[in-house]
Peer 1: 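Please see the structure below; I have some questions.
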Amino acid sequence: RLHPIVSNHSVICVLCESRSENAPAYLVRASPRLNGTRKGLSQKKTCSIIEWPARVAYVCGNSKDEHVNSVPTEVRSREPIPVRREPNGVVYTKRWVVELMLDLAGYTSDRDLFSMRVIEPAAGDGSFVLALVERLIESCRRFGHDIGKASGAIAGYELDPESCERCRDSIICLLEGQGVSHDVAESLAKRWVVASDFLLDHREKLQVDIVIGNPPYIRLEDIPAGLAAKYRARYPTMTGRADIYVAFFEESLRLLKPGGVCSFICADRWMLNQYGAQLRRLITSRFAVDTVIELHNADAFQTDVSAYPAI
């Protein structure tokens with residue numbers, strides 16, 4: 001069922017609700033392209049469907065009040081990404097959060113993503129990476145790029161080798177489903193995701209436009225002493241009883257190009273507790289905070305966690 005919410009403020013929200021109690025609701029997001037003069041505008045519109053929590057609507061730009069029958073018919077369905085709980089403090093993110101974060105970071109298929117570079121520092125099974133690949137494929141089609149030449153567009157790191165392999169396999173399946181040959185898909189998957197510790201990887205990292213993801217949740221006292229000492233020596237923001245995600249912030253911010261964006265979902269305690277003091281000083285002295293979305297009461301993860309999350 002389509003539930004339009006139409007106003008006089010040039011926006012339209014449409015929620016597509018499943019008849020099944022167990023199935024997710026889906027958001028229909030319209031992207032109009034306007035032609036004509038100020039009067040009598042004609043629109044050629046496309047839209048996409050993304051998984052969204054039930055009874056939540058997303059506001060998207062539109063030029064005129066519209067009836068539900070004007071909802072566009074060119075629909076791209078996104079299958080939910082399989083997720084699982086992993087070792088090393090990893091908790092996987094639900095698809096609606098991933099989509100929201102990508103939108104906020106500006107990684108949208110209406111931009112030329114072929115010329116951009118994005119890092120996912122804790123790839124896991126691919127919650128973020130697969131969504132990145134989907135948008136990159138769409139963008140390459142729109143702008144006429146060969147996806148096979150986009151090996152430098154995505155850089156994913158995953159500490160656990162088994163998770164890394166599962167992520168690569170999922171990328172290969174996604175690409176082959178879009179008509180990419182197996183050899184090219186396998187080559188891209190190996191370039192896009194590597195089995196390595198993002199915080200200690202000594203390979204040269206290029207400056208990037210976006211760093212996005214869900215860094216792991218591990219207190220330093222839960223990390224082997226030798227490894228914790230390496231982290232502390234390399235990342236001065238990790239003071240006191242800091243969580244490992246503090247170091248992920250520091251390294252990610254260091255890699256941003258001017259005007260670049262870091263978009264993380266993680267515990268928001270660093271904004272309040274003493275162990276986040278050095279990170280707060282770093283951010284307020286050299287960077288700007290665009291958006292903070294508190295998700296304490298939102299169902300943002302595949303497993304129940306008490307982490308006071310925020311984007």
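All values derive from a computational prediction rather than experimental measurement. Just so you know, residue 1 is the first one in the sequence shown, and it goes up from there.
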Peer 1: Would a hydrophobic clustering, with Ile, Leu, Val, Met, Phe, Trp and Tyr connected at side-chain separations under 4.5 Å, put V211 with V289?
Peer 2: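 Per the 4.5 Å side-chain linkage, V211 and V289 are co-clustered.
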Peer 1: Donor-acceptor pair, E138 side chain versus S109 backbone, under 3.5 Å?
Peer 2: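 Looks like no, no N/O pair under 3.5 Å.
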Peer 1: Search all heavy atoms of L253 against all heavy atoms of C262 and return the closest pair with its distance.
Peer 2: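 Scanning both residues, the minimum pair turns out to be CD2-CB, 4.0 Å.
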Peer 1: Is it the case that the side chain of D160 and the backbone of S163 share a donor-acceptor pair, with hydrogens and angles ignored and the cut-off at 3.5 Å?
Peer 2: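 Flag set: sc D160 to bb S163 pair under 3.5 Å.
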Peer 1: Counting N and O atoms only, with roles assigned by atom type, does the side chain of E158 sit under 3.5 Å from a partner on the main chain of A195, one being a donor and the other an acceptor?
Peer 2: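 Looks like no, no N/O pair under 3.5 Å.
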Peer 1: Between I244 and L282, is there a shared hydrophobic cluster once you connect ILVMFWY residues whose side-chain heavy atoms come closer than 4.5 Å?
Peer 2: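 Linked within one cluster.
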Peer 1: Is the gap between the ring centers of Y245 and F264 under 6.0 Å?
Peer 2: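 That pair fails the under 6.0 Å test.
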Peer 1: Are the side chains of I154 and L188 in contact, using a 4.5 Å heavy-atom criterion?
Peer 2: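 Side-chain contact under 4.5 Å: no.
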Peer 1: At what distance, to the nearest 0.5 angstrom, does CG of D125 lie from CG of D169?
Peer 2: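 That separation rounds to 10.0 Å.
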Peer 1: Closest approach of M271 and V292, non-hydrogen atoms and distance?
Peer 2: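 Of all heavy-atom pairs spanning M271 and V292, the closest is CE-CG1, 4.1 Å.
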Peer 1: Compare all side-chain heavy atoms of Y231 with those of L199 and state whether any distance is below 4.5 angstrom.
Peer 2: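 In contact.
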Peer 1: Cation over ring, K205 on Y157, under 6.0 Å and within 45°?
Peer 2: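 Yes, cation above the ring, under 6.0 Å and within 45°.
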Peer 1: Show your working on side chain to side chain contact (heavy atoms under 4.5 Å, CB included) between D243 and W270 and close with a plain yes or no.
Peer 2: CA-CA 9 Å; D243 194 293; W270 68 272; over 6 Å; no
Peer 1: If we count only N and O atoms by modelled type, under 3.5 Å, do the side chains of E250 and T237 hold a donor and an acceptor together?
Peer 2: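 Judged by distance alone, the side chains do pair up.
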Peer 1: Go through the steps for D103 and R135 under the test side chain to side chain contact (heavy atoms under 4.5 Å, CB included), then give the verdict.
Peer 2: CA-CA 11 Å; D103 287 347; R135 294 188 179 207; 2.8 Å; yes
Peer 1: So, R142 and S139: side-chain donor and acceptor under 3.5 Å apart, yes or no?
Peer 2: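 The criterion, which ignores hydrogens and geometry beyond distance, is not satisfied for S139 and R142.
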Peer 1: Of all heavy-atom pairs between G106 and R111, which one has the smallest distance, and what is that distance?
Peer 2: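 Scanning both residues completely, I find the closest heavy atoms to be O-NH1, 2.8 Å.
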Peer 1: Does R168 pair with E165 as a salt bridge, N-O distance under 4.0 Å?
Peer 2: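 Here R168 pairs with E165 in a salt bridge, since their nearest N and O are under 4.0 Å apart.
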Peer 1: Answer yes when R254 and E251 have at least one side-chain N-carboxylate O distance shorter than 4.0 Å, and no when they do not.
Peer 2: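 Yes, R254 and E251 are salt-bridged.
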Peer 1: Between N214 and A122, which heavy-atom pair has the shortest distance, and what is it?
Peer 2: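 Minimum heavy-atom separation between N214 and A122: O-CB, 4.0 Å.
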Peer 1: Is it true that atom NZ of K149 has more than 12 heavy atoms of other residues, nucleotides or ligands lying nearer than 6.0 Å?
Peer 2: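 No.
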Peer 1: Supply the atom-to-atom distance R219 CZ to Y275 OH, rounded to the nearest 0.5 angstrom.
Peer 2: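 Spacing of CZ (R219) from OH (Y275) equals 5.5 Å.
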Peer 1: For D146 and R141, run salt bridge (Lys or Arg N to Asp or Glu O under 4.0 Å): C-alpha distance rounded to whole Å, both residues' side-chain angles, the deciding distance at 0.1 Å, then the answer.
Peer 2: CA-CA 8 Å; D146 179 1; R141 286 175 175 166; over 6 Å; no
Peer 1: Before accepting this row, confirm whether a basic side-chain N of the pair D209/R117 lies closer than 4.0 Å to the acidic partner's carboxylate O.
Peer 2: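 No, D209 and R117 are not salt-bridged.
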Peer 1: Has W192 got a side-chain atom pairing as donor or acceptor with A150's backbone, closer than 3.5 angstrom?
Peer 2: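 Side chain of W192 to backbone of A150, a donor-acceptor pair under 3.5 Å: yes, one is there.
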Peer 1: At their closest point, which heavy atom of A185 faces which heavy atom of I172, and how far apart are they?
Peer 2: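 Closest pair (atom of A185, atom of I172, distance): O-CG1, 3.8 Å.
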Peer 1: Is the closest side-chain donor-acceptor distance between Y217 and D222 under 3.5 Å?
Peer 2: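 Distance-only check fails for Y217 and D222.
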Peer 1: Could you verify whether a donor N or O on one side chain and an acceptor N or O on the other, from T108 and D110, lie under 3.5 Å apart?
Peer 2: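 Judged by distance alone, the side chains do pair up.
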Peer 1: Between Q274 and R241, does any side-chain donor sit less than 3.5 Å from a side-chain acceptor?
Peer 2: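 No pair is found: no donor N or O on one side chain lies under 3.5 Å from an acceptor on the other.
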